[in-house]
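See structure below.
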Amino acid sequence: MASKTIKKGVFGDSKNISNKIILEAEREAETIIENAKRQAEEIINKAKKDAEEMINKEVKVAYETIKMEEKRRITEINLKIREMMLHEMERIFNEILNEVKKRFHEVKKTAAYASFLQELILEGCEAVGSEKLIIKIDSKDKDVNINIEELKKMIEERIRERKVEIESIQISPLATEDLFEFVSSGIESLEEGMAKPLKIKCPFCDSEFNINIEELKNMIEERIRERKVEVSIIFDNISEVGGVLVSTPDGNIVYDNTLEAILERNASEIKKIITRSISEGEGELPWALH
Amino acid sequence: MNKKPITGGLKPTLLTILEAEREAETIIENAKRQAEEIINKAKKDAEEMINKEVKVEIYKKIDILKKESEHRLREYENEELERNYAFIKKISKMIEDNKENIINEIIRAVLKHGK
């Protein structure tokens with residue numbers, strides 16, 4: 001009876017111990033899994049944080065690049081629009097010039113045109129300044145009342161009357177320091193010193209000689225006055241509207257005084273006229289790229 | 001006084017405990033394996049997140065930024081074009097309204113050039 005009780009007691013305990021062992025193992029297993037889950041959560045959270053940082057970093061770099069590209073494109077757009085504007089302004093300008101050219105055919109019928117054409121010829125001759133001159137007058141201006149003989153005299157006079165202006169003197173290596181200073185100090189001092197002879201010493205032979213600017217000027221003018229001018233007048237199709245071309249016989253020096261050339265030379269003044277007449281209080285017009 | 005071994009009763013008891021210990025060991029082993037699997041999966045997911053999802057997300061965000069930039073540029077270009085066309089239109093009209101004066105003044109200036 002007693003043995004039975006002991007047996008039962010031992011068996012009863014072993015079952016309890018077994019249950020306890022298993023229960024403890026289950027608890028430990030639960031803890032292991034819980035820890036693993038927490039660890040997994042931490043891994044995922046860290047990955048999320050890293051991912052966010054990576055995204056922000058990459059996006060920030062991309063944003064800077066896109067902004068830079070945007071700035072470049074804005075400059076490109078501005079330039080494109082500016083070019084379009086200039087093109088449009090040029091079109092408007094050319095339209096006005098064409099209208100001016102058309103109107104000039106009417107101006108040609110007036111008496112003022114003859115003296116205008118004559119002045120164009122004289123201006124061209126003076127500019128070319130040669131002893132032999134070829135004057136090409138546009139065929140359309142053949143009927144303009146100009147006295148050719150008188151014109152030739154006027155050309156000669158105009159060329160003879162030319163005043164000599166000494167703008168600069170090229171200093172050769174022989175020049176003394178005094179002369180160099182005198183010339184480089186500019187026109188004002190050149191005028192002051194004109195009457196005063198300059199003493200120049202040659203650095204090679206040590207010989208001295210005098211130079212008088214006023215005398216030199218007079219000598220050049222005298223030479224010009226003695227010149228005879230030969231003029232040939234030709235009528236040719238040189239312009240759409242009219243005007244003259246003055247040149248040396250070899251064509252090395254040509255002065256274009258056709259109406260197209262005059263308009264082209266005075267483009268900036270014409271643009272000012274247009275601007276002035278339409279933009280009172282409007283500021284500048286975009287004629288050119290700034 | 002022969003001590004009778006109690007093997008008949010103790011052995012099964014020890015065996016039962018031993019068995020329970022083995023079972024406990026298995027439970028813990030399984031738990032460890034499971035934990036390892038959980039962590040490995042988390043690591044794999046994290047790697048995938050970095051390798052794939054981040055790239056996709058970056059691509060998406062950059063795409064949005066690019067589209068926004070394109071939109072801003074288009075708007076800017078249109079506004080500038082509109083503003084400049086309006087200006088040209090205004091200038092053209094002013095020139096048209098003053099055409100006679102302008103042409104006469106230019107002709108006067110050209111004729112003056114020959115004086």
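To find a chain, count down the sequence lines: A is the first, B the second, and so on, and within it residues start at 1.
Contacts of A:Lys48 with chain B are made by both backbone and side-chain atoms, with heavy-atom separations under 4.5 Å. Neither the backbone nor the side chain of A:Leu97 comes within less than 4.5 Å of any heavy atom in chain B. Heavy atoms of A:Leu122 lying under 4.5 Å from chain B are absent altogether. Residue B:Asn30: no heavy atom, backbone or side chain, is found under 4.5 Å from chain A. For A:Ile77, the part lying near chain B is the side chain, with the backbone staying farther off; criterion is any non-hydrogen pair under 4.5 Å. Only the side chain of B:Lys99 comes within contact range of chain A, with heavy atoms under 4.5 Å apart. For B:Glu80, the parts lying near chain A are the backbone and the side chain together; criterion is any non-hydrogen pair under 4.5 Å. The part of A:Ile81 that comes within reach of chain B is its side chain, from C-beta onward, which places non-hydrogen atoms under 4.5 angstrom from that chain. In this structure, no portion of A:Lys20 lies under 4.5 Å from any heavy atom of chain B.
B:Asn84 pairs in a side-chain contact (heavy atoms from CB on, under 4.5 Å) with only one of the listed residues (A:Met84, A:Arg82, A:Met85), which is A:Met85.
The 12-atom threshold is not exceeded at NE2 of A:His87, counting heavy atoms of other residues, nucleotides or ligands nearer than 6.0 Å.
Going from atom CD1 of A:Ile96 over to atom CD1 of B:Ile102 covers 5.0 Å, rounded to the nearest 0.5 Å. The distance from atom CD1 of B:Ile95 to atom CD of A:Glu99, rounded to the nearest 0.5 Å, is 12.5 Å. The CG atom of A:Asn19 lies 9.5 Å from the CD atom of B:Glu23; values are rounded to the nearest 0.5 Å. The distance from the OG1 atom of A:Thr110 to the CG atom of B:Leu111 is 7.0 Å, given to the nearest 0.5 Å.
The closest side-chain heavy-atom distance from A:Ile22 to B:Ile27 is below 4.5 Å. Contact of the A:Asn78 side chain with the B:Tyr76 side chain is registered, since non-hydrogen atoms from C-beta on lie closer than 4.5 Å. You'll find the side chain of A:Phe104 stays beyond 4.5 Å of the side chain of B:Ile106, heavy atoms only. At least one side-chain heavy atom of A:Arg103 sits less than 4.5 Å from a side-chain heavy atom of B:Asn104. Counting heavy atoms from C-beta on, the side chains of A:Met89 and B:Ile88 come closer than 4.5 Å.
When each of B:Asn40, B:Leu81, B:Thr26, B:Leu18 is scored by its heavy-atom pairs under 4.5 Å with chain A, the top score falls to B:Leu81.
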Using residues 55-72 of chain B as the side-chain source, report each donor-acceptor pair under 3.5 Å to any protein atom, sequence neighbours left out, with the distance given to one decimal.
from	atom 1	to	atom 2	distance (Å)
B:Asp63	OD2	B:Lys67	NZ	3.1
B:Ser69	OG	A:Glu70	OE1	2.8
B:Glu70	OE2	A:Arg73	NH1	3.1
B:His71	NE2	B:Glu75	OE2	3.4
B:Arg72	NE	A:Glu70	OE1	3.3
B:Arg72	NE	A:Glu70	OE2	2.8
B:Arg72	NH2	A:Glu70	OE1	2.6

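Taking non-hydrogen atoms and a 4.5 Å limit, the residue list of residues 52-60 of chain A in contact with chain B, ordered by number, reads A:Met54, A:Ile55, A:Glu58, A:Val59.
The side-chain contact (heavy atoms from CB on, under 4.5 Å) search around B:Asn101 returns B:Asn98, not counting sequence neighbours. Evaluation of the side-chain contact (heavy atoms from CB on, under 4.5 Å) rule for A:Glu30 yields no partner, not counting sequence neighbours.
Salt-bridge check for A:Glu269 with B:Lys112: failed, with every basic side-chain N at 4.0 Å or more from each acidic carboxylate O.
Side chain of A:Ser18 to main chain of B:Ala20: no donor-acceptor pair is present (N/O by atom type, distance under 3.5 Å, no hydrogens or angles).
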Task: Derivation and outcome, side chain to side chain contact (heavy atoms under 4.5 Å, CB included), residues B:Ile39 and A:Ile43 - done: CA-CA 8 Å; B:Ile39 289 166; A:Ile43 290 167; 3.9 Å; yes
